[in-house]
Amino acid sequence: MFGFILRKIFGTKHERDIRRLQPLVEEINSLEPAISMLSDQELKVKRFEFRKRIDQKARELELELKELSRQLEEATTPEGRAKIKARAKGVSNQIFEDVLPEVFAVVREAGRRAIGMRQFDVQLIGGMVLHQGKIAEMATGEGKTLVATLAAYLNALTGEGVHIVTVNDYLARRDTEWMGPIYGMLGLSVGVIQHEKAFVFDIKTTETGRWELEKVGRGAYLREVPRQEAYNCDVTYGTNNEFGFDYLRDNMAIRPDDRVQRKLHYAIVDEVDSILIDEARTPLIISGPAEESTDKYDRINRIIPNLRRRWIIEEEEARAKREGIDLERGYDASVDEKAHTWTLTEEGEAKCGQLLGIDLSDPKDMSYRAHIIAAGRAHDLFKRDVDYVVKDGRVIIVDEFTGRLMPGRRWSEGLHQAIEAKENLRIARESQTLATITFQNYFRLYEKLAGMTGTADTEAGEFNEIYKLDVVVIPPNRPLVRYEWDDVIYKTEREKFNAVADEIAKLHQDGRPILIGTVSVEKSERLSALLRKQSIPHEVLNAKNHEREAHIIAQAGQRGVVTLSTNMAGRGTDIVLGPGIAQLSGLHVIGTERHEARRVDNQLRGRAGRQGDPGSSRFFLSLEDDLMRLFGSDRIASIMDRLHLPENQPIEHPLVTRAITTAQKRVEVRNFDIRKHLLEYDDVMEKQRAVIYEQRRLVLEGEDLGSHIISWIEEILDSILDTYIPERAHPDDWDLRGLIERISQIFPIALQKEDIDISQITREGLREMLLGDIRMAYQAKEARIGPENMRHLERLVMLQVIDERWKEHLRAMDDLKEGIGLRGYGGRDPLMEYKREGFEYFDVMIGAVKQEVVGLLFRVRLVVEEARPLVAQPVPAQQFVHPRYSTYELAERAGPVRQAGRPAEGWGTRPEEPSDKPMPYRRPGRRIGRNEPCPCGSGLKYKKCCGRNVH
Ligand code: ADP
Ligand code: MG
């Protein structure tokens, strides 16, 4: 109540945010007359002037920013990074403060001239919100595509590149071609990343050289270029998947030139809720096949029908608890549809063991457990044509939010294979993760992030907590007049669909366009059958024809058109009303089921009534709907009782609507928890990924690794010394034989036990001597092949070892996560266990990398391979496989080693003599005098160099 009064006086936070920006709008408007007098050419070169002014300001703030970016580099936690970024955001926004009004006036002018769209005042505010690094909530049809150009131009002025992220390839292409002329007029280049190709906007691709709105989205104005070039543009459009995968691939690149992205500077995410919330439940994964047999899946699949499964019902559960009944007795497994889990009972474990002829409690059969659970879930929790479809012998995931098919994506942890087994399909070999990242962590890599959507406010808390993004709700350009009817609720789904069909038939008579949203392909088809029975012509938009969906949805506002679409299909495409439709009260939207998130329902409603158009919406529900069944039925049933509602009659009552909203809020919270959980696990990986990727980057970018190697050598030596001659041990207890053996396994020094006189030498002295020898050997090698080749060899070996070990590590982490889910922890927090063990794994891996790199550096040698490509073939853009580039074998087959005396075409590495024995330099035939210069070319005397250990 009090809050309400305060709001009355001061306005909501959103209103205040917007009021604060209002003066800037006035200023932009006042500049318009002058700007509109500029010639096209003057408009185009404006960017140089702006750039100068920005640079000037940047110089003034340089120290402050440098300090912040130093802090950013040192920050280790995502939270820490976020805090620093927020401060940096504030400071760097000051850089733009002075130019912003004029910049926006210029972009508005360009929009008017180039494509005939002059930004409305609320759009200018949207642009400012995006520039501030926040989320602009603007309703469907408010022109967010155009709004993005304001912030994109402003932030591209520094030359660092701006990414605009769309939900699918079609929209990326469309927006590039649609907004392209504006950027062109302003002298900026625009690129677009598509699934397997990349383009730049280029008006000269058409014979006429003229831009026409009708051709937008078909690629008429796009010229294909290498991916890198599209990324080098001032503004680059693309989907979250493509940006994310390119990031991962760049970090798997084996040559600096193979990388395509630049620094992640600024991203504007369109339909930000869809990308950062709905899609954030599954991480991006690049995977390759692992070498494991697949018949296990078939065997396990066959036993599932023999298991007695119990479906968990909440009330029953509570009663059993009260009365102390063991519900599990007599069952092998429990299925919880609500929590989406499937668990084995004790009886079930024994039965599975019997059926498979194994013992599930034996560690060696551990992996069966995960497979059985996956098979159980495949049978009892995943439905064909709802969760997936079978097409061309393959299981294709149906995106639970958009209803789109997701070919190429696979469920992880053996679930996909289990479903393939259930459907009697050929089972793909189990894949192994080669690189992975969540969208949360990918988008947090940008220096500045902004978003826009029609529906963000219900998830404002999550945006703030996870991404540090504020939501600002921007009022529509023209007031919303859409009428939202109360929900109607039927007892059964059948009654509900009949009522929907009747309503459609009624409205269709007048020619009023109707858009119906459904939750799945299956439901769409069910309704479609009903409409066919009534001879109502209609379009069905679902995962199966999503190629055309944008074009179909664009027609959804025409007279007499009935469009059936899975909930968010066609998102991003504008529904313009046909002639005379406004008089018929505009587009009517029908929802056939509540989605888990209110946001998605709002998205559907928002398809009607854009830009002040008339329109209406209504949801038809039934007590058999998933949401009601799983989350709200008891509550609603009791309301029905209280209201004494007769049977067989729809219910339409605000109390019921409110109960549904409550159920939705509960699910939203639960889903947020799931996403947070995923993120908490990924944060563990994120830290490790940051270390590895940074190390890789240094290697790729040619940092001198010599000093790293030297310090690694010391570390390795110290740990060997600790093992064989511990610090406080008496020299008599030194295990010299073990020490020498171990050392010579790694380092090529010819050390004999007799060389060490324990009565003469201290531990420290021995360490110095060994270190000296090893360093000398390293220098000798460098002298032999030349410093440049040595650096090259270091890079090659390091990349190879890091990648190989990292890959194994990812696999181990996968297994760890899976295992932790299965292990009981006696009250301990599995996440903490995962963190702890994960760090241990990582430490071990880093240790192994160092040792292997050092060992290999002494053992491998460079060979010149004529006309052989460097290390490996370039990796084709979309092959999600890891570039294997073990050239040891190649080099071995390449025959005798030739020294590098001419420009190297390509390098390979190969192990030196198989014996791995130390190789002091010896020239055959002649003994080298101990005081002669060492023939290895080091410049040292022989006795001080390679001859040091030759007696
Ligand atoms: P949103 O992404 O916000 O749903 P779109 O960017 O798809 O909206 O634009 C919706 C419609 O509004 C498009 O048909 C576009 O041409 C039109 N539009 C947007 N801004 C303007 C403007 N300033 N002047 C005229 N038409 C505009
Ligand atoms: Mg849009």
Side-chain angles (χ1 to χ4, degrees), residues 25 28-29 32 104-105 107-127 129-130 135-152 164-182 211-217 237-240 268-275 402 450-456 472-478 480 482 515 549-551 553-558 568-578 586-587 589 599 602-613 615:
V25 174
I28 297 163
N29 287 340
E32 194 164 9
F104 276 32
V107 178
R108 178 193 259 182
E109 181 62 22
R112 195 184 60 79
R113 283 188 207 176
I115 62 173
M117 285 203 268
R118 177 188 169 276
Q119 307 242 13
F120 307 124
D121 287 0
V122 285
Q123 288 180 307
L124 300 178
I125 290 177
V129 170
L130 293 180
I135 292 175
E137 181 179 293
M138 300 176 77
T140 305
E142 287 294 304
K144 292 183 285 291
T145 321
L146 183 64
V147 168
T149 59
L150 294 162
I164 300 182
V165 186
T166 64
V167 288
N168 62 44
D169 269 358
Y170 163 74
L171 289 173
R173 201 161 63 226
R174 183 200 70 175
D175 292 358
T176 305
E177 292 194 288
W178 194 7
M179 298 296 124
I182 300 181
W211 179 86
E212 290 156 276
L213 185 58
E214 298 70 49
K215 289 195 185 147
V216 157
Y237 284 84
T239 64
N240 48 327
I268 301 172
V269 182
D270 193 9
E271 309 286 2
V272 63
D273 55 322
S274 169
I275 291 176
T402 61
M452 48 191 194
T453 176
T455 46
V472 180
V473 179
I474 295 165
N477 181 45
R478 294 156 98 193
L480 177 73
R482 182 177 64 230
L515 175 75
E549 76 185 27
H551 299 287
I553 208 104
Q555 300 306 311
Q558 300 301 311
M568 295 203 303
R571 204 173 172 172
T573 304
D574 197 27
I575 303 180
V576 182
L577 298 184
L587 178 71
V589 167
R599 190 171 37 81
N602 293 341
Q603 190 68 229
L604 178 64
R605 282 204 178 95
R607 315 274 353 199
R610 37 85 74 194
Q611 283 286 345
D613 282 346

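Ligands are counted one by one from 1 in listed order, and the atoms in each one are counted from 1 as well.
A side-chain N or O of T453 and one of D273 form a donor-acceptor pair less than 3.5 Å apart. With hydrogens and angles left out, the side-chain atoms of N168 and R173 include no donor and acceptor closer than 3.5 Å.
D574 approaches G141 most closely through the heavy-atom pair OD1-CA, 4.0 Å.
Of all the atoms in ligand 1, the ones that sit under 4.0 Å from a non-hydrogen atom of D574 are 10 (C), 11 (C), 13 (C), 14 (O). Counting the atoms of ligand 1 from 1 in the order shown, those under 4.0 Å from a heavy atom of L146 are 20 (N), 23 (N). Taking every non-hydrogen atom of T140 and a distance limit under 4.0 Å, the qualifying atoms of ligand 1 come out as 4 (O). Close approach of ligand 1 to Q119 (heavy-atom distance below 4.0 Å) involves ligand atoms 23 (N). Atom numbering of ligand 1 starts at 1 in the shown order; those under 4.0 Å from a heavy atom of A139 are 3 (O).
Ion pair E271/R571 flagged as a salt bridge, since at least one NZ, NE, NH1 or NH2 atom sits closer than 4.0 Å to an Asp/Glu carboxylate oxygen. Salt-bridge formation is detected for the pair D121/R108: a Lys NZ or Arg NE/NH1/NH2 atom is positioned less than 4.0 Å from an Asp or Glu carboxylate oxygen.
No heavy atom of M138 sits closer than 4.0 Å to any atom of ligand 1. At least one heavy atom of R610 sits less than 4.0 Å from an atom of ligand 1.
The closest protein non-hydrogen atom to atom 20 (N) of ligand 1 is Q123 NE2, 3.0 Å. What sits closest to atom 26 (N) of ligand 1 on the protein, heavy atoms only, is M117 SD, 3.5 Å. Nearest protein heavy-atom neighbour of atom 24 (N) of ligand 1: F120 CZ, 3.5 Å. Protein heavy atom nearest atom 7 (O) of ligand 1, with residue, atom name and distance: T145 OG1, 3.8 Å. Scanning the protein for heavy atoms near atom 23 (N) of ligand 1, the closest one is R118 O, 2.7 Å. Summary of contacts: the protein heavy atom closest to atom 4 (O) of ligand 1 is G141 N, 2.6 Å.
Under the 4.5 Å side-chain criterion, counting only non-hydrogen atoms from C-beta, V269 is not in contact with N240. Residues V122 and E142 meet the side-chain proximity criterion, which asks for heavy atoms closer than 4.5 Å. Within the 4.5 Å cutoff, the side chain of T239 has no heavy atoms near those of the V165 side chain. Side-chain contact between W178 and M117: present, with at least one pair of heavy atoms (C-beta onward) separated by less than 4.5 Å.
Between I575 and the options V589, I553, T140, D613, a side chain to side chain contact (heavy atoms under 4.5 Å, CB included) holds for only I553.
Of the listed residues (G116, G143, G111, G572), the one carrying the non-hydrogen atom nearest atom 9 (O) of ligand 1 is G143.
At a heavy-atom cutoff of 4.0 Å, ligand 1 is contacted by no atom of Q611, backbone or side chain.
The N/O atoms of R174, backbone and side chain alike, include none that comes under 3.5 Å of an N/O atom in ligand 1.
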